[in-house]
Student: 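Starting off with a structure, shown below.
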Amino acid sequence: MLAAMTPTPETAKPAIAPMQAPRVTAAASAPVTSPTRIKIDHINAFYGQKQALFDVNLEVPDNAVTAFIGASGCGKSTLLRCLNRMNDTIPGARVEGQIRMDGTDINSAEIDPVQVRTRIGMVFQKPNPFPMSIYDNIAYGPRAHKLVSNKAEMDELVEKSLRRAALWDEVKDRLGKSGLGLSGGQQQRLVIARALAVSPAVILMDEPCSALDPVATAHIEALIDELRKHTCIVIVTHSMAQAARVSQITAFFHMGKLIEAGNTDQIFMAPKLDQTQDYITGRFG
Amino acid sequence: MKQLTAATRARYFRRQLVDRIMGGLCIAAAGLGLVLLGMILWMLFSNGIAGFSLAVFTESMAQPGAGGGLANAIVGSLIQVGLGAMIGAPIGMMVGVYLSEVGKESKFAQVVRFVNDILLSAPSVLIGLFVYQIAVEPLGGFSGLAGALALAIIAMPIVARTTEDILRLVPQAYRDGAVALGSRENEVVRKVVLPAAFGGILTGVLLAVARIAGETAPLLFTSLGNTNWSTDLTQPMASLPIAIYRYAGSPYQEWVNLAWTGAMLITVGVLVLNILSRFSHAAVAGKQGG
């Protein structure tokens, strides 16, 4: 049971064929067929007396991008933070129900939240590189979890992570310089590379582009589309256009309840509920 | 431009006038502070230079008329301040880390914070009496060690307070980022939060050192002072503030001059520490900020 939660090197991952879906457009996305990675089962979440999530059920598929949309305070970020037990760090926060990742209940007593967070990376709204060099930012996770045994392996891992985050060419000559000296978009790719360095099975993104300009946003979105070939990605976004562009599955939340979830094109083109229709068309009251 | 009505213009001029008066008052207040500081420094240096010579650093205190210097007091101060900082600063830092990263708003942390604030504002003579009770009487006499202990107790709450304040300035995003990468609480503090706050904490330590370097009252009942050369921590030990205290009130002009020189040395030392702390802060910030 615990073995399922320990990080595996990238090479040891089973080679799952990437989905053959073309670059996602609202009109032409194939239905997601990859297996379920995370099963969210009757989740209720509380901050002190206030209930933030009401009986949420959702299956998050592997090798796809799942977008959580909804107005501020609808609970989408709360659910995201349930997935890597980040709510544990908030005093008074409480979660009921089951979240199974690859069949393992991540909230069970035998599971160490640290192991969960090692398997599930997270990217925050505001880029948050540590105040250290670009190299040390990437090396932070591998060092903490002793994933490599020598400098050469670390160099290789740093380069590979930065390449996967499409940042290598921009920073390869300044690896020793502070990560805070990069632009906002580069910083966000740096923290994505930092998360990738520990080979997470899932990456959670909490409005990763809301602090970025359109060009940097396009970079990140292209990166997300590339990463989903090997990873399960969950993204919280306020931008409906972004959800439509990058996700295959969309879940719409309102007042702590999951209103509707399904293939992104279905949600945007033919939502089953009027409430969803009202939100995505901007007629939301 | 459109013609302003008389009422609008009157209001405009009134606001401009108030703005100028307020600005002027601020400048005057700052100027007054600077003038006072300048006068103190001028008095200090013009008087201090009279007793200044190489002998100040090479000779110990002597009988009136026999020359002598402050070498034993300088070394005594360095030992006691150094030892005091070495004891007080690490404890203070740990208290600060506890308050900011572990205890936070818990009941116990609030009590610790409150007690620390009391200690911070406790009269330093009280600290001297306290150490007299716990270290001088039981051990059978005044000692340099007791002096260092008293200074440590004064430095500790200062360092604890600045450490907590600086750690609270470290963005929560760093902690979240480290936790999300699977770091444990102690790793988050050791590898991310403390390095990020290093420059600020170092500044706090240096300022605490500057503060205890000038303390007189806590040393009166602990290390007592010593006119002879002694580096024995179990014996009474000389220090600059005590030397100043004893010499300044003496009837001998050369002792009074040496007291001024001693005060000048402390001031220059504190000034150097302040400049160092600014540099250390800037250097660390520069390294981290790219």
Side-chain angles (χ1 to χ4, degrees), chain A residues 5-7 80-81 83-86 88-91 112-134 136-145 147 171 174 176-182 187 190-191 194-198 200 203-206 211, chain B residues 97-113 163-204 280-290:
Chain A
M5 301 303 296
T6 52
L80 194 75
R81 293 172 67 91
L83 300 183
N84 65 344
R85 295 190 60 178
M86 280 295 276
D88 291 20
T89 64
I90 299 175
D112 184 341
V114 164
Q115 289 174 302
V116 175
R117 295 182 196 128
T118 311
R119 288 295 281 150
I120 304 184
M122 190 170 204
V123 175
F124 296 83
Q125 185 170 1
K126 246 183 95 203
N128 61 347
F130 300 137
M132 47 181 87
S133 72
I134 292 169
D136 287 339
N137 262 285
I138 308 295
Y140 182 88
R143 271 182 196 143
H145 303 298
L147 298 185
V171 302
R174 50 190 293 198
K177 294 270 170 58
S178 170
L180 299 181
L182 300 173
Q187 289 190 11
L190 176 64
V191 299
R194 185 174 72 188
L196 291 173
V198 293
I203 299 179
L204 310 176
M205 299 188 173
D206 193 356
Chain B
V97 169
Y98 168 76
L99 290 177
S100 166
E101 304 301 315
V102 186
K104 291 171 192 159
E105 298 307 316
S106 68
K107 270 277 170 311
F108 184 65
Q110 285 180 11
V111 170
V112 171
R113 196 172 290 122
T163 302
E164 187 192 359
D165 288 350
I166 296 288
L167 290 181
R168 279 171 180 269
L169 291 179
V170 174
Q172 184 60 27
Y174 293 171
R175 298 183 182 88
D176 288 346
V179 168
L181 280 167
S183 291
R184 290 181 193 284
E185 195 173 33
N186 79 78
E187 291 167 338
V188 176
V189 173
R190 277 189 298 122
K191 294 185 182 156
V192 176
V193 178
L194 279 180
F198 179 75
I201 294 174
L202 187 62
T203 302
S280 71
H281 208 148
V284 174
K287 207 175 108 210
Q288 291 170 344

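Below, chain A is the first sequence line, B the second, and so on; all start at residue 1.
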Student: Let me know if Arg194(A) has heavy atoms under 4.5 Å from chain B in its side chain, its backbone, both or neither.
Tutor: both
Student: Grab the two heavy atoms, one from Leu181(B) and one from Tyr140(A), that are nearest each other, plus how far apart they are.
Tutor: CD1-CD2, 3.7 Å
Student: Give, as side chain, backbone, both or neither, the part of Pro129(A) having an atom under 4.5 angstrom from any heavy atom of chain B.
Tutor: backbone
Student: Looking at Asn84(A) and Ala180(B), what are the two nearest heavy atoms and their distance?
Tutor: ND2-CB, 4.3 Å
Student: Mark yes when over 12 heavy atoms from residues, nucleotides or ligands other than Tyr98(B) sit less than 6.0 Å from its OH; otherwise mark no.
Tutor: yes
Student: Taking all heavy atoms of Met86(A) and all of Asp176(B), pick out the closest pair and write down the distance.
Tutor: CE-O, 3.5 Å
Student: Which heavy atom in Arg184(B) sits nearest to a heavy atom in Val114(A), and how many Å separate them?
Tutor: NH1-CG2, 3.5 Å
Student: What's the spacing between Gln172(B) CD and Asn128(A) CG if we round to 0.5 Å?
Tutor: 10.5 Å
Student: Compare every heavy atom of Tyr174(B) with every heavy atom of Phe130(A), then report the nearest pair and how far apart it is.
Tutor: CE2-O, 3.3 Å
Student: Under 4.0 Å between a side-chain nitrogen and a carboxylate oxygen: does that hold for Lys191(B) and Asp136(A)?
Tutor: no
